[in-house]
2 protein chains.
Amino acid sequence: MLTRKSKYGLKALLLLAREYDRGSIPASELSEREGIPEKFLQLILLELRRRGIVRSRRGQGGGYQLARDPATINFGEVLRALDGPLALTPCVSQTAYQHCDECADEQQCGIRLVMKDVRDETARILEGASLASVNRAVDRGARRRR
Amino acid sequence: MLTRKSKYGLKALLLLAREYDRGSIPASELSEREGIPEKFLQLILLELRRRGIVRSRRGQGGGYQLARDPATINFGEVLRALDGPLALTPCVSQTAYQHCDECADEQQCGIRLVMKDVRDETARILEGASLASVNRAVDRGARRRR
DNA sequence: TAATTGTCTAGTAAGTGAATTGACAAAGTC
DNA sequence: GACTTTGTCAATTCACTTACTAGACAATTA
């Protein structure tokens with residue numbers, strides 16, 4: 001399951017992407033506009049900063065902004081930062097591989113076979129979903145509905 | 001993440017599928033051959049029985065067997081039975097849809113858009129993976145490696 | 001220097017995962 | 001019909017994770 005943490009993180013980032021050229025936006029504003037508990041959001045933004053996804057400035061007029069162009073930040077990267085590896089099982093993870101101790105021969109494991117397929121497809125979709133492209137898709141959908 | 005519960009369940013089912021024509025296999029044997037804590041396995045098998053995936057017989061010579069042909073039982077069905085819905089978020093679940101309260105307009109949610117894609121692909125893969133086809137794939141892999 | 005805003009460490013309540021225990025029920029064997 | 005094997009089920013345990021909150025502290029700017 002997607003945790004609230006990731007959901008909040010993505011929401012804040014999508015908003016930062018929409019207002020990318022506005023400069024820094026304080027956590028309090030992000031928190032209010034997206035309905036995210038402020039202290040929790042600060043925790044999340046801190047992790048995103050450590051990962052180089054977001055940049056921060058303190059003091060009056062400070063706040064957060066994307067560290068890079070919205071087209072170069074994707075859902076996969078964000079979910080990995082906040083929720084950990086995408087794979088459903090460590091034995092098929094690219095970023096956090098771990099051998100299953102109960103599995104005598106990984107080559108012979110049917111479960112692994114299937115989970116590998118799931119991971120690959122999931123990664124393909126999430127890494128293809130950049131903040132910029134997702135915002136564009138939402139806008140396209142809204143226009144079509146009018 | 002795939003829970004141990006589901007992993008154990010799938011392992012037991014794959015074995016039951018391999019020995020489908022042998023009749024009932026006691027939980028104790030499944031437990032020993034797959035290295036699964038026996039009491040925990042019984043809990044899992046009970047859930048699978050309630051879902052009509054497995055059949056049981058008590059008393060001497062009793063045990064468990066698949067309720068249906070191994071080709072008609074797929075990973076998606078099993079994971080739904082043991083771990084709950086496949087979707088990463090309730091607002092894109094087929095089997096347990098729930099509106100997100102924090103989401104004003106679902107049609108405008110970029111996160112939902114992406115999670116829907118992930119769910120659809122995940123379901124396609126997991127529902128295409130039957131006990132029979134996965135066992136066949138494992139055997140093919142083993143033969144190729146020899 | 002006062003106000004604003006981010007940084008960081010702790011802590012906590014509730015829930016989930018991964019089991020274990022033990023009483024009980026049914027079915028077959030001798 | 002007693003005995004044994006095997007499944008059913010409710011209850012409990014324990015560690016870990018999620019989703020927060022509190023509060024001290026640090027930096028920046030008007």
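These figures come from a predicted structure and were not determined experimentally. Each chain gets a letter, A, B and so on, in the order the sequences are listed, and its residues count up from 1.
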*Answer with base, sugar-phosphate or nothing: what part of the nucleic acid does Arg55(B) contact at a heavy-atom distance below 4.0 Å?*
nothing
*With sequence neighbours excluded, tell me which residues meet side chain to side chain contact (heavy atoms under 4.5 Å, CB included) with Asp105(A).*
Gln107(A), Gln108(A)
Which atoms of nucleotides 11-16 of chain C (N or O only) lie under 3.5 Å from a protein N or O atom, and what are those distances?
none

*Starting at CD1 of Ile36(B) and ending at C1' of dA19(C), how long is that distance when rounded to a whole Å?*
13 Å
_Whole-Å gap separating P (dA10(C)) and CG (Leu43(A))_ = 13 Å
_Non-hydrogen side-chain atoms of Asp117(B) and Leu126(A) separated by less than 4.5 Å_ = no
*Salt bridge present between Glu106(B) and Lys116(B) (N-O < 4.0 angstrom)*: no
*Arg18(A) bridged to Asp139(A) by N-O distance under 4.0 Å*: yes
*asked:* Could you tell me how far apart Leu41(B) (CG) and dA18(C) (P) are, to the nearest whole angstrom?
replied: 14 Å
*How far does CD1 of Ile44(B) sit from CG of Leu10(B), to the nearest 0.5 angstrom?*
9.5 Å
_Sequence-distant partners of Arg140(A), side chain to side chain contact (heavy atoms under 4.5 Å, CB included), two or more places apart_ = Arg136(A), Ala137(A), Arg143(A), Arg144(A)
*Identify the 5'-most and 3'-most nucleotides of DNA chain D with at least one atom closer than 4.0 Å to a non-hydrogen atom of chain B.*
dT5(D) to dC9(D)
*Phe40(A) CZ to dG6(C) C1': how many Å, rounded?*
18 Å
_According to side-chain hydrogen bond (donor to acceptor under 3.5 Å, both in side chains), does anything in residues 121-131 of chain B pair up with another residue at least two apart or in another chain? List the pairs._
Arg80(B)-Glu127(B), Glu121(B)-Arg124(B), Ser130(B)-Ser133(B)
*Quick one: list whatever passes side chain to side chain contact (heavy atoms under 4.5 Å, CB included) with Asp69(B), sequence neighbours left out.*
Tyr20(B), Ala71(B), Thr72(B)
*Report, as a single string ordered 5' to 3', how protein heavy atoms within less than 4.0 Å touch nucleotides 23-30 of chain C: B base, S sugar-phosphate only, - not at all.*
B-BSBSS-
*Which residue pairs pass the ring pair (Phe, Tyr, Trp, His ring centres under 6.0 Å) test with at least one member in residues 67-99 of chain A, sequence neighbours excluded?*
none
_Measure CZ/Arg49(A) against P/dG6(C) and give the value in whole Å, please._
12 Å
_With clusters defined by side-chain heavy atoms of hydrophobic residues (ILVMFWY) lying less than 4.5 Å apart, directly or transitively, does Leu86(A) cluster with Leu88(B)?_
yes
*Student check: side-chain heavy atoms of Val78(B) and Leu13(B) closer than 4.5 Å*: yes
*Quickly work out the Leu45(A) CG to dC8(C) P distance and round it to whole Å.*
13 Å
_Pairing residues for Ala87(A) by the side chain to side chain contact (heavy atoms under 4.5 Å, CB included) criterion, not counting sequence neighbours_ = Val92(A), Ser93(A), Arg119(A)
*Pairs in or reaching into residues 43-66 of chain B: which pass side-chain hydrogen bond (donor to acceptor under 3.5 Å, both in side chains), with residues at least two apart or in two chains?*
Lys5(B)-Glu47(B)
Tabulate below the donor-acceptor pairs under 3.5 Å that side-chain atoms of residues 33-42 of chain B make, not counting sequence neighbours, or state none.
from: Arg33(B); atom 1: NH1; to: Glu19(B); atom 2: OE1; distance (Å): 3.3
from: Arg33(B); atom 1: NH1; to: Glu19(B); atom 2: OE2; distance (Å): 3.4
from: Arg33(B); atom 1: NH1; to: Glu29(B); atom 2: OE2; distance (Å): 2.9
from: Arg33(B); atom 1: NH2; to: Glu19(B); atom 2: OE2; distance (Å): 2.9

_Nucleic acid contacts - residues 5-13 of chain A versus DNA chain D, non-hydrogen atoms under 4.0 Å_ = Lys5(A), Tyr8(A)
_For Gly62(A) and Arg50(A), find the nucleotide of DNA chain C closest to each by heavy atoms; which residue's nucleotide sits nearer the 5' end?_
Gly62(A)
*Give the rounded distance in Å between these two atoms: CD of Gln42(B) and P of dG22(C).*
15 Å
